[in-house]
Amino acid sequence: MIRKYTFGTPVSTDAVVVSLPEESLPVPFFDLSRDGKQVILTRKLQPEDRLFGLGESVRGINKRGSVYRSWNSDVFNHTESTESLYASHNLLIFFGPECLFGVYLDDPGRITWDLGYTRSDTAVITSENGDLDLYVLEAESLTELARAFRRLTGPSYLPPRWAFGYIQSRWGYASEEECRGVVAEHRKRGIPLDGICLDIDYMEDYKNFTWRKDAFPDLKRFSEDMKQEHVRLIPIIDAGIAREEGYAPYDTGKAGGFFCRKEDGSDFIAAVWPGFCCFPDFLREDVRRWFGGLYRPLLEAGVEGFWNDMNEPALFYTPERLDAAFRRAQETVDGHDFEALWFLKDAFNSLPNNEEDYRSFYQETDGRTVRHDLVHNLYGASMTRATAEGFRRFDPDKRFLLFARSSFTGAHRNGGIWMGDNFSWWSHLKLALQMLPNLNLCGFLYSGCDLGGFGCNVTEDLLARFLQLGVFMPLMRNHSALHTRDQEIYRFSTWEQMRDTVRVRYALLPFLYSEFMKAALTDGMYFRPLAFDYPEDSRAVATEDQLLLGEGCMIAPVLEQNAVGRHVYLPEDMLMIRFRSPEDYDTVPLDRGDHWISLSLQEFPLFVRKDHAVLLCPGGESSETLDDRTFTVLSRTDGEICYRLYRDDGTDPRPSLQDHLTAVTVSASAPCPSSSVPGVAISAVVL
Ligand code: GLC
């Protein structure tokens, strides 16, 4: 059951796809109060209550105990105490012995979630603007609640199948030649690869929809050549349009009046990579149409995937604020006022992403002019929408890859997301694992983090462990920042082991794709907290470092430096597959309970529930060239099991689940179980 309550005059956010009647107050489960415009929801928490949701946010799978803020932010240096990341996903589920319900705030402005932070027994949710639609969701189980939310907000985005391949990325690939070299090195060494990202360096002076003719002379030919090698180019596009006369996107945007404006009617300007930029008002349909159309030349050149960035929008500084900071500096010098030095520091430190700047421009929606900060969290999502609409116009019969940095609910129908600028830190490896189930809950199934970490220098062991988690992430991308250590697998002495990790991904690819598509097409989750399937098992409910994957699997990667193994809790009897490579793995039946699993740097486990199966194919160097008809089926069963394998052409944007399922039946006794371990069937299947 879903109930809707409206406060004030909310703007359309494109998050919700069904129209529900408005209920009258009171709102169930909460005490409701007002403070000026603010709408405040308060609820007492019982000791065992857990809170799931908030998609992209720091800290644990259970969000209880901290404070979070919905305010999309460019936070390069985020840590455990950072309250806002790049996205706002305003769904929170309350789960405890006496409660099971969700609340979704369809509110694009700032929201504070004090979830047992100020008082450990109280959750307080505050909508600052007070203009919102509030939805209260109830269902029989956590899984059904997640499904109800998807019914409310629409189905998850479907990427093309090649997007499940390994993607290599780096800020700093400066020429076609360099990119070709990176691809060649992967191919030479047998490291599978499906995509290479082009970061801002491919553009002319970092201007969207241009490319440097000196370094990338013929993008079409480059893209075609790469496709011959089964590698796709994935260029970046940023939100800001460089303010430069003679540059077509600026000229057409200016002529159309498509940029966000200040109160005096002039375009809002701020510096990003290309220097001063204007910011398209993506909330307007005509602006989205124009912007979506700008991708066309790249699509015509054969590009089938993009990443959209800097769309919080990130602002390095506005000219006004920079001038003010310089004036302050001058005054400090002129006045020999050394105390003023402290204010000077603030003046410069507060240049980027300044909140006052977000209050200084306007957007148009629903026939109204709205100050940007009131709809701030929609900016990235509406850019994603513009892009996806452009793709659909270009070719409605094809899936394109799109992943973005900033997002809001609704964007999960149009693209995937990556988790922004993480660091090469062990804590960020754990953060990625903990974010994945909450992103799935909020509808973002196609997601992943920068494997190896974006900022600072990765260590070899950390990259190895990142990749092992990455094997299971739908978006498996190695990305790193300019001036950091080279992070391609082949740069490291243990590259062969890391290559084998990626080869496991490819051996599992048809299976993982099948699990992803079944989840997406049934409004389910690809990654889930253990609480979702074992709500009565207090150990499972409290588990923060293991995830359920698809219908029958569980992952428990190593997340700690120097670890030679880890503890794993099994909520039921399972089969552990401990991988070293697609050809070299152990299968160990383990019973419900606690286990210490030894895992050398090269090893990582996948657990399969009894009477479920994992399918391994022979793998290959790309998703297009792997053999997805010949499988080794691994299962723990005493009888017969039937796995429903989903296979399609990988590009159909509206596939039907039923049309693409093949039954793979395996029996413990016949015809060819080739395992020496009792109860473990390893069967060869040719479809
Ligand atoms: C931002 C992105 C990062 C990218 C960089 C340069 O920091 O988050 O992924 O590499 O910009 O474009």
Contact summary for Phe444 and Ala411, nearest pair of heavy atoms: CE2-C, 3.8 Å

task: Say whether, by atom type as modelled, one donor and one acceptor occur between the side chain of Tyr86 and the main chain of Asp421 under 3.5 angstrom.
output: yes

- prompt: Is a side-chain donor-acceptor pair under 3.5 Å present for Asp461 with Thr459?
  reply: yes

field: Approximate separation, where rounding is to 0.5 Å, of Thr42 OG1 and Asp31 CG
entry: 6.0 Å

field: Selection residues 424-449 - residue pairs positive for side-chain hydrogen bond (donor to acceptor under 3.5 Å, both in side chains), sequence neighbours left out
entry: Gln434-Glu544

- prompt: Would you say the side chains of Arg110 and Ser88 form a donor-acceptor pair under 3.5 Å?
  reply: no

field: Arg592 and Asp537 ion-paired at < 4.0 Å
entry: yes

task: Measure from the ring center of Phe403 to the ring center of Tyr157 and say whether it is less than 6.0 Å.
output: no

message: Once side-chain hydrogen bond (donor to acceptor under 3.5 Å, both in side chains) is applied, what residue pairs with a partner in residues 516-531 remain, sequence neighbours excluded?
response: Glu515-Lys518, Lys518-Glu551, Lys518-Tyr643, Arg528-Asp533

Residue pairs, two or more places apart or on separate chains, that pass salt bridge (Lys or Arg N to Asp or Glu O under 4.0 Å) and touch residues 42-52: Lys44-Asp121

- prompt: Side chains of His89 and Ser57: donor-acceptor distance under 3.5 Å anywhere?
  reply: no

field: By salt bridge (Lys or Arg N to Asp or Glu O under 4.0 Å) - contacts of Asp114 (at least two apart)
entry: none

task: For this output row, return yes or no: ring centroids of Phe29 and Phe94 closer than 6.0 angstrom.
output: no

task: Measure up the Phe454 and Phe76 rings against each other and bin them: parallel (under 30°), tilted (30 to 60°), perpendicular (over 60°).
output: perpendicular

- prompt: Can we call the ring centroids of Phe30 and Phe101 under 6.0 Å apart?
  reply: yes

- request: For Leu433 and Leu547, work out which heavy atoms get closest and say how close.
  value: O-CD1, 3.5 Å

- line: Residue set satisfying ring-ring contact (aromatic ring centres under 6.0 Å, His included) with Trp113, at least two apart, ordered chain then number -> none

field: Flag for Asn377-Ser70: side-chain donor and acceptor within less than 3.5 Å
entry: no

Cationic N near anionic O, under 4.0 Å, Arg609 to Glu572: yes

query: Which heavy atom in Leu463 sits nearest to a heavy atom in Gly452, and how many Å separate them?
result: CD1-CA, 3.6 Å

message: With a sphere of 6.0 Å drawn around OH of Tyr117, does it hold more than 12 non-hydrogen atoms of other residues, nucleotides or ligands?
response: no

- prompt: Where do Ala404 and Asn311 come nearest, in terms of heavy atoms and distance?
  reply: CB-ND2, 4.0 Å

query: Between Thr13 and Asp106, do the side chains contain an N or O donor and an N or O acceptor separated by less than 3.5 Å?
result: yes

query: What residues form a salt bridge (Lys or Arg N to Asp or Glu O under 4.0 Å) with Glu312, not counting sequence neighbours?
result: Arg405

message: Using only atom types and a distance under 3.5 Å, with no angle test, would you say the side chain of Arg59 pairs donor to acceptor with the backbone of Arg64?
response: no

- prompt: Can a donor-acceptor pair be found between the side chains of Asn478 and Gln487 at a distance below 3.5 Å?
  reply: yes

query: In terms of side-chain heavy atoms, does Ser623 have a donor or acceptor partner in Arg161 at a distance below 3.5 Å?
result: no

task: Give a yes or no on whether the backbone of Lys63 and the side-chain of Tyr68 come within a donor-acceptor separation of less than 3.5 Å.
output: yes

query: Can you find a heavy atom in the side chain of His412 that is under 4.5 Å from one in the side chain of Cys442?
result: no

